[in-house]
Amino acid sequence: QVQVVESGGGLVQAGGSLRLSCAASGSIFSINVMGWYRQAPGKERELVARIFSGGSRDYEDSVKGRFTISRDNAKNMVYLQMNSLKPEDTAVYYCNADACISRYKCRNYWGQGTQVTVSP
């Protein structure tokens, strides 16, 4: 099995910064994509950013230029540096790992989520 654990959420004023970390552990054979999703109250969960094992990245339009996703493949960790935060970034942020426990057994794994609150 694979466990995914996030850390780094909290309360910050608008314009401030936070850095989220996510560690994947367990019987990991490989990880293709690692990403960050968020879910605000009353809204659906949405992709914020993701990074592939080769280093390519995707960002949701509203965070481009403000958020940066990075990854340490050796440690199975992914990070989200969030700058110039806005109140509309307030949400529970979830880490996701598309991980394989063997060559042919792959699935998505989710963390428990970490709250990010941005005050006006």
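Atom set for the values below is all heavy atoms of this structure, side chains included, hydrogens, waters and symmetry mates excluded.
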#### Entry: Side chain to side chain, V78 and S70, heavy atoms closer than 4.5 Å
no
### Query
Is F52 reachable from Y109 through a run of I, L, V, M, F, W or Y residues, each pair having side-chain heavy atoms under 4.5 Å apart?
no
### Query
For atom CD of E88, is the number of surrounding heavy atoms from other residues, nucleotides or ligands below 6.0 Å larger than 12?
yes
### Message
Membership question, hydrophobic clusters at under 4.5 Å side-chain separation (ILVMFWY): are Y94 and V33 in the same one?
### Response
no
Could you go through residues 111-120 and list every donor-acceptor pair under 3.5 Å that involves a side-chain atom there, pairing it with any protein atom two or more places apart or in another chain?
{"from": "Q112", "atom 1": "NE2", "to": "E6", "atom 2": "OE1", "distance (Å)": "3.4"}
{"from": "T114", "atom 1": "OG1", "to": "G9", "atom 2": "N", "distance (Å)": "3.2"}
{"from": "Q115", "atom 1": "NE2", "to": "A91", "atom 2": "O", "distance (Å)": "3.4"}
{"from": "Q115", "atom 1": "NE2", "to": "T117", "atom 2": "OG1", "distance (Å)": "3.3"}

### Query
Should M82 and Y59 be counted in the same cluster of Ile, Leu, Val, Met, Phe, Trp and Tyr side chains packed under 4.5 Å apart?
yes
### Task
Check whether any side-chain heavy atom of R71 sits under 4.5 Å from a side-chain heavy atom of I31, and report yes or no.
yes
### Query
Distance from N73 atom CG to S53 atom OG, nearest 0.5 Å?
6.5 Å
### Query
Is NZ or CZ of R19 both nearer than 6.0 Å to the six-membered ring centre of Y79 and within 45° of the ring axis?
yes
### Which atom of V4 lies closest to which atom of C22, heavy atoms considered
CG1-SG, 3.4 Å
### Task
Ignoring hydrogens and angles, tell me if any N or O in the side chain of Y93 forms a donor-acceptor pair with the backbone of V48 under 3.5 Å.
no
### Message
If you compare all heavy atoms of G35 against all heavy atoms of I69, which two are closest, and at what distance to 0.1 Å?
### Response
CA-CD1, 4.3 Å
#### Entry: Any K64 side-chain heavy atom under 4.5 Å of R66 side chain
no
#### Entry: Side-chain (N96) to main-chain (N108) donor-acceptor, under 3.5 angstrom
no
### Task
With rounding to the nearest 0.5 Å, note down the distance linking CD in Q81 to OG1 in T68.
7.0 Å
Please report, to 0.1 Å, the donor-acceptor pairs under 3.5 Å made by any side chain of residues 97-104, with sequence neighbours excluded.
{"from": "S102", "atom 1": "OG", "to": "K105", "atom 2": "N", "distance (Å)": "3.4"}

### Task
May I have the step-by-step check of ring-ring contact (aromatic ring centres under 6.0 Å, His included) for W36 and F67, ending in yes or no?
CA-CA 11 Å; W36 290 95; F67 291 10; over 10 Å; no
### Task
Decide yes or no for M77 and S21: does some side-chain heavy atom of the first lie under 4.5 Å from some side-chain heavy atom of the second?
yes
#### Entry: Ion pair D89/K86, N-O distance below 4.0 Å
no
### Query
How long is the span from the CG atom in N83 to the CG atom in L18, to the nearest 0.5 Å?
9.5 Å
### Query
In Å and rounded to the nearest 0.5 Å, what is the CD to OG distance from Q1 to S27?
8.5 Å
### Message
Is there a path of hydrophobic side-chain contacts, each under 4.5 Å between heavy atoms of I/L/V/M/F/W/Y residues, joining V63 to L47?
### Response
no
### Task
With sequence neighbours excluded, give me every salt bridge (charged side-chain N to carboxylate O under 4.0 Å, His left out) pair touching residues 42-55.
R38-E46, R50-D58
